[in-house]
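Some notes on the structure that comes next.
We number each residue from 1, following the sequence as shown.
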Amino acid sequence: VTTGVKDSAGNTLSSQYETSSGFKTSGIFVAVGDTGLIFSSSDNGTTWTSRTSGVSTNLRSVTYGDGTFVAGGNSGVILTSTNASTWISETSSGTSWSAVIDGVSDSLVGTAYGNGMHIISGGSGTILTSADNGNTWTTQTSGTSESLIEISYVNNSFFATGASGVIISSNNGSSWTSKTSGYGFNIYDMAYGNSTFVFVTFGGTISSSSDGTTWTSRGTISSGLFNSVTYGNSTFVAVGNSGKIYTSPDGITWTSRTSGSSDTFLQVAYGNSTFVIVTMNGRVFTSPDGTTWTSRTSGTTESLNGITFTE
């Protein structure tokens, strides 16, 4: 890095800096969507670059772990991409994607990484695990035939949530335990922060738990369904249909925020001090605090279904 580099105030480096270990960017968001769409952003969701996926299948979710992005989609499609944080060449930045054979035909709608393992959830209780960065996949017994809508790695455990109030958890990805949610409709997503688990539901209900086992309903927060929840900047952010955004410091008390949109908000992620929402008609919304939101243009009007962030 030469002395020609300036910070945001216009100051230059006092001397040139060299390293053999490479440099990191400030972080990258990757979003996936219908007809094989993949977009990436290295400026906190402000501008987006279209990437070539090589498929036309709807992609439903994406996650990052151990140097690899993994995206899941309809008809059992799985795509992988190499590290988008350590920039070695153009094809290592999420630009080049390769299809992986997983042996299933279910829609793969949830992706997560933790404990050295990529995990994907999907229709009919499908759970797939990979310990080699998505190259090979093993089908696990989930103990349910309900659709598993989302999977998260929170507080050192995997939690999959889905239709009919299903919650299952696992420490290792292979042995799964059913939890009682106390809710009969679809549970769309789960987050963890401030020593609290939170899930959001089809009916606009939010529930919280201190241990992920015993859940307390916080009531019907919204008249429309919630699709996603995340935690960052000491704040839970839940998003859903008709541009609904709610925030909470503790998962118990929730406040409605103004998005300025009636879009269907499908997923929210947090990274680099920024919340980013992707929507059904291809728009993106960003916020530093979960309260004030700015609409961004992604370059598509098709549905963006999933988003992830990596340093």
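Side-chain contact check for Thr247 versus Trp254: every heavy-atom pair is 4.5 Å or farther apart. Side chains of Ile120 and Ile151 form no contact here, defined as non-hydrogen atoms less than 4.5 Å apart. Considering only heavy atoms from C-beta on, Thr138 stays 4.5 Å or farther from Leu128 through its side chain. Val229 places none of its side-chain heavy atoms less than 4.5 Å from the side chain of Phe199. Under the 4.5 Å side-chain criterion, counting only non-hydrogen atoms from C-beta, Asp189 is in contact with Ser152. Between Thr291 and Asp289 there is a side-chain heavy-atom pair separated by less than 4.5 Å. By the 4.5 Å heavy-atom criterion applied to side chains, Ser170 and Thr177 are not counted as neighbours. Two residues are said to be in side-chain contact when any heavy atoms from C-beta on lie closer than 4.5 Å; Asn44 and Val276 fail this criterion.
The minimum heavy-atom distance between Ser174 and Asn172, with the atom names listed, is N-OD1, 2.9 Å. Contact record, Ala269 with Ile307: CB-CG2, 3.7 Å, taken as the closest heavy-atom pair. Across all non-hydrogen atoms, the minimal contact from Val198 to Gly251 is CG2-CA, 3.8 Å. When all heavy atoms of Gly173 and Gln140 are compared, the pair lying nearest together is O-CG, 3.4 Å. The two residues Phe309 and Gly271 come nearest to each other via the heavy atoms CD2-CA, 3.4 Å. Among all heavy-atom pairs drawn from Ile206 and Ala238, the shortest one is CD1-CB, 4.3 Å.
A search for ring pair (Phe, Tyr, Trp, His ring centres under 6.0 Å) contacts involving Phe197 returns Phe159, Tyr192, not counting sequence neighbours. With sequence neighbours excluded, no residue forms a side chain to side chain donor-acceptor pair (under 3.5 Å) with Ser181. Legend: residues meeting side chain to side chain donor-acceptor pair (under 3.5 Å) with Thr213, ordered by chain and number and at least two apart, are Lys179. Residues satisfying the side chain to side chain donor-acceptor pair (under 3.5 Å) test with Ser142, not counting sequence neighbours, are none. Listed by chain and residue number, Thr57, Asn58, Arg60, Ser107 satisfy the side chain to side chain contact (heavy atoms under 4.5 Å, CB included) test with Asn74 (two or more places apart in sequence, or in another chain). In this view, Ser217 and Thr205, Ser207 satisfy the side chain to side chain contact (heavy atoms under 4.5 Å, CB included) rule, not counting sequence neighbours. Thr279 is linked by a side chain to side chain donor-acceptor pair (under 3.5 Å) to Asn281, counting only residues two or more places apart in sequence or in another chain.
A distance of 9.5 Å separates CZ of Phe236 from CD1 of Ile252, quoted to the nearest 0.5 Å. Rounding to the nearest 0.5 Å gives a distance of 5.0 Å between CZ of Phe39 and OG of Ser298. Annotation: the span from Thr201 atom OG1 to Leu225 atom CG amounts to 8.0 Å, rounded to 0.5 Å. Atoms OG and CD1, on Ser178 and Ile167 in that order, are 8.5 Å from each other to the nearest 0.5 Å. Note that the CZ atom of Phe69 and the OG atom of Ser40 stand 8.0 Å from one another [nearest 0.5 Å]. Rounding to the nearest 0.5 Å places CD1 of Ile38 at 12.5 Å from OG1 of Thr300.
Judged by distance alone, the side chain of Thr308 and the main-chain N or O of Val30 form no donor-acceptor pair under 3.5 Å. The backbone N or O of Ile149 sits nowhere less than 3.5 Å from a side-chain atom of Ser147 that would complete a donor-acceptor pair. Checking side-chain atoms of Ser222 against main-chain N and O of Gly224 turns up a donor-acceptor pair under 3.5 Å. At least one donor-acceptor pair under 3.5 Å links the side chain of Thr274 to the backbone N or O of Asn272. Thr80 places no side-chain N or O within 3.5 Å of a backbone atom of Val70 that could act as its donor or acceptor partner. Distance alone, capped at 3.5 Å, is enough to place a donor-acceptor pair between the Asp250 side chain and the Thr253 backbone. With hydrogens and angles ignored, the 3.5 Å screen pairs no side-chain donor or acceptor of Thr52 with any backbone N or O of Gly54. Listed for the Ser53 side chain is a donor-acceptor partner under 3.5 Å among the backbone atoms of Gly36.
Residue pairs meeting the salt bridge (charged side-chain N to carboxylate O under 4.0 Å, His left out) criterion with at least one member in residues 131-153: none, sequence neighbours excluded. For residues 195-218, no pair satisfies salt bridge (charged side-chain N to carboxylate O under 4.0 Å, His left out), with sequence neighbours left out. Identified under the salt bridge (charged side-chain N to carboxylate O under 4.0 Å, His left out) test for residues 255-276, with sequence neighbours left out: Asp263-Arg283.
Close placement of the Phe226 and Tyr246 rings is indicated, their centers lying within 6.0 Å of each other.
Tyr153 OH: more than 12 foreign heavy atoms inside a 6.0 Å radius.
Among Thr161, Thr126, Ile168, Val109, the single residue meeting the side chain to side chain contact (heavy atoms under 4.5 Å, CB included) criterion with Leu148 is Ile168. For the side chain to side chain contact (heavy atoms under 4.5 Å, CB included) test with Leu59, the passing option among Leu108, Asn305, Asp34, Val77 is Val77; the others fail.
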Distance-only check: which donor-acceptor pairs under 3.5 Å involve side-chain atoms of residues 111-119, not counting sequence neighbours?
| unit_1 | atom_1 | unit_2 | atom_2 | d |
| --- | --- | --- | --- | --- |
| Thr111 | OG1 | Ser61 | OG | 3.4 |
| Thr111 | OG1 | Val62 | N | 3.2 |
| Thr111 | OG1 | Val62 | O | 3.3 |
| Thr111 | OG1 | Thr63 | N | 3.4 |
| Asn115 | ND2 | Asn171 | O | 3.3 |
| His118 | NE2 | Gly65 | O | 3.1 |

What's the verdict on side chain to side chain contact (heavy atoms under 4.5 Å, CB included) for Thr235 and Ser248, showing C-alpha distance, side-chain angles and the deciding distance? CA-CA 6 Å; Thr235 304; Ser248 172; over 6 Å; no
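Through chains of ILVMFWY side-chain contacts below 4.5 Å, Phe285 is grouped with Val237, Val239, Ile245, Phe265, Val268, Tyr270, Phe275, Ile277, Trp293.
A side-chain N or O of Asn227 and one of Asn241 form a donor-acceptor pair less than 3.5 Å apart.
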